[in-house]
Number of protein chains: 2
Amino acid sequence: MPQDKHINRRIVLASRPHGAPCSTNFRMETEHRPVPSAGQVLLRTVWLSLDPYMRGRMNDAPSYVAPLQINEVISAGTVAVVEQSCHDDYQPGDWVVSQNGWQDFALSDGKGLFRLSGPVLNHPSWALGLLGMTGFTAYMGLLDIGNPQPGETVVVAAATGAVGSIVGQIAKLKGCYVVGIAGGSEKCRYAEDVLGFDRCIDHHSTDLAGSLKRYCHDGIDVYFESVGGKVFDAILPLMNTQGRIPVCGLIAHYNRTDAASGPDQLPQFQSAILRKRLRVQGFIINQDYGHRFDEFFKQMSQWVAENRFTFPEDITDGLDNAPETFTGMLAGKNFGKVLIKVAGDHP
Amino acid sequence: MPQDKHINRRIVLASRPHGAPCSTNFRMETEHRPVPSAGQVLLRTVWLSLDPYMRGRMNDAPSYVAPLQINEVISAGTVAVVEQSCHDDYQPGDWVVSQNGWQDFALSDGKGLFRLSGPVLNHPSWALGLLGMTGFTAYMGLLDIGNPQPGETVVVAAATGAVGSIVGQIAKLKGCYVVGIAGGSEKCRYAEDVLGFDRCIDHHSTDLAGSLKRYCHDGIDVYFESVGGKVFDAILPLMNTQGRIPVCGLIAHYNRTDAASGPDQLPQFQSAILRKRLRVQGFIINQDYGHRFDEFFKQMSQWVAENRFTFPEDITDGLDNAPETFTGMLAGKNFGKVLIKVAGDHP
């Protein structure tokens, strides 16, 4: 269903998911397109970013961002075009990164908008991915916490996911031996043949621990964690002394509803942290590294200009497909950065 | 039993402990005092340091130091006097820190010896404690990993233990609000009244979590971990965003023989690391920070000269009491740094 110039479609949280989200957790509403007041711009959503961390916001539990309220528009990063402006700094036709959420139109007073200019205008969706929050997450988590050295072994979970695909490529640029983990042979082939991972292991395979051990013959120095669960269990015994584990997500946990049954693996993890002198550190990109965005953007723009990166995008047309696409992403059905193309008439 | 000039008593590992060590795991042997060859010194043990990490070396399991072998002398840091010298750099009567282990005499080629000079000669046992490995552990773990800022809340496990007592006092010097955890009301009173902790909580009390919450009204920014187990379980929910957890030991785990039963608390810990953006880092003082000993020694010597520190020592006379004292320490019976005075005729 295409955008209508006069109508704002908004997808709200109808009820909180229990486990995997389903269609009844979401509700599409329509209203008249809002009208900007003095000092405001009206933004039209072109691209919508779907990210696993959003699942956490749908629970009514304390997390690193406040929970969504019932009947609230699902929040999300967006690339948008200024449709009308009553703000001195913006003109109709300007492109920005904004937080419109799952809707066609949104008003903004300009706070938090990031104006797009230069080469990224040739590929505006990259402002949400390679050159946006996704790339920034990969860059800071790997380089600042992971601190990979040439020749070290870096293992990347969700290797063909949005963040993982970039982590692996940065690690290769830094001279590391890079092993990915992905779901299915097609993704693994892509990670090796297109993204340049040295190896990629299918976590559906019967012997994940054995494959990891075989491919990580010198152990693991950096494990970029975005998954948790059984992948982590297989990684831990292979971590090297003074290994680093940046934790940017735990997608295997997000839909869990039951307390994990025993045995209790916490003491084993604590013991590994001590014996192997591991550094395990969680981070939330904007809160921890917001002040370093320019540094990232400059370096990544240069790498992009030099054609150093392949960035898979998994694009679905139409705002109304956002709920199903989101649920599929949590189940690992995506291939690369998950985007909804909301405005069909724009690049 | 006092030292005999002509006999070397040595306590060896007779069998590996299963759970808490008992007397049958140790055996005292005697032999003639060894004779130094050219390039060697003969060292007489004066002070013997007992440290919880030694328990790990008694297991036949990979850890951060190689396991002790059956019939091997139990290893330990010692303060010793040069008894005879065939080494150009040492004279009889020189004091050194050495690794004699649980025995009266040992030979050394000079490698790894640290010569004592200056004010520490007034209190040689401090070379194993306040001004030695113990103080170095407290200093680097707290300052380099914990990075405490004025006004932050620092919680210290084993507050009247060797390391914990120093951690708390450094944290106070840095302007922090410092809460200790110790076993029993006497230790808690000592931590507050003598060591200067703002508060100290008895972990035998029925409501550890409640007391912690009451005293850490602004949450916990740094938790100095040397215990694990139920203390850690009570700490985790109170950790603040961007909190730091230096892990220097896990004494509650050392004597465990059974796998921990469920529920599995690992996912909850991982989730806390992510949501709260925690940094959890294990360290082994000499391996990770050996190159920074001088920096520590200089600063701590200055603080000691200024009388900034109280350092409780828990001294037992006689090498033959080492096994029982060691076992007692693992059960929390000690009060401060555990030392065996091996040579009764020396300071």
Side-chain angles (χ1 to χ4, degrees), chain A residues 52-53 56 59 61-65 141 145 225-233 236-237 239 241-254 256 258-289, chain B residues 52-53 56 59 61-65 141 145 225-233 236-237 239 241-254 256 258-289:
Chain A
Y53 79 90
N59 292 335
S63 186
Y64 49 86
V65 278
I145 301 175
E225 171 69 293
S226 57
V227 168
K230 69 170 189 173
V231 171
F232 179 79
D233 299 344
L236 188 60
M239 287 301 298
T241 295
Q242 294 187 304
R244 287 84 67 197
I245 305 182
V247 182
C248 102
L250 293 164
I251 197 168
H253 300 198
Y254 294 164
R256 275 196 190 159
D258 51 336
S261 59
D264 185 6
Q265 297 184 84
L266 178 58
Q268 210 174 336
F269 183 36
Q270 292 171 303
S271 169
I273 290 172
L274 175 60
R275 280 185 293 108
K276 298 181 173 185
R277 302 132 64 194
L278 303 179
R279 175 176 176 177
V280 185
Q281 187 169 346
F283 70 106
I284 308 297
I285 189 62
N286 287 328
Q287 276 112 316
D288 289 308
Y289 293 105
Chain B
Y53 80 90
N59 293 334
S63 187
Y64 49 85
V65 280
I145 301 175
E225 172 68 294
S226 58
V227 168
K230 68 169 187 168
V231 171
F232 179 79
D233 299 343
L236 187 60
M239 288 300 298
T241 296
Q242 292 188 305
R244 289 82 70 196
I245 304 181
V247 182
C248 103
L250 292 165
I251 198 170
H253 301 197
Y254 295 163
R256 275 197 189 159
D258 50 338
S261 59
D264 184 5
Q265 297 184 85
L266 178 58
Q268 209 175 336
F269 183 36
Q270 292 171 303
S271 169
I273 290 171
L274 174 60
R275 280 185 294 109
K276 299 181 174 186
R277 300 129 66 192
L278 303 179
R279 174 176 176 177
V280 185
Q281 188 168 345
F283 69 105
I284 307 297
I285 189 62
N286 287 329
Q287 277 111 317
D288 289 307
Y289 292 106

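What you see is a predicted model; the values in this text were computed from it and never measured. Protein chains get the first letters and strands the later ones, always in sequence-line order, with residue 1 at the start of each.
- Taking all atoms of both residues into account, the shortest heavy-atom contact from A:Phe283 to B:Leu274 is O-CD1, 4.1 Å.
- B:Ile245 places none of its side-chain heavy atoms less than 4.5 Å from the side chain of A:Ile273.
- Every residue two or more places apart in sequence or in another chain was checked for a salt bridge (Lys or Arg N to Asp or Glu O under 4.0 Å) with A:Asp264, and none qualifies.
- With a threshold of 4.5 angstrom between heavy atoms, B:Leu278 approaches chain A through N, CA, C or O but not through any side-chain atom.
- In this structure, the side chains of A:Asp288 and B:Gln242 come closer than 4.5 Å at one or more pairs of heavy atoms.
- Qualifying side-chain contact (heavy atoms from CB on, under 4.5 Å) partners for B:Gln268, counting only residues two or more places apart in sequence or in other chains: B:Gln265.
- Here the NZ-CD1 distance, from A:Lys276 to B:Ile284, works out to 13.0 Å after rounding to the nearest 0.5 Å.
- Contacts between B:Arg244 and chain A at a heavy-atom distance below 4.5 Å are absent for every atom of the residue.
- Contact annotation for B:Phe269: only side-chain heavy atoms (C-beta onward) come within less than 4.5 Å of a heavy atom of chain A.
- The residue among B:Gly228, B:Pro267, B:Gly249 with the most heavy atom pairs within less than 4.5 Å of chain A is B:Pro267.
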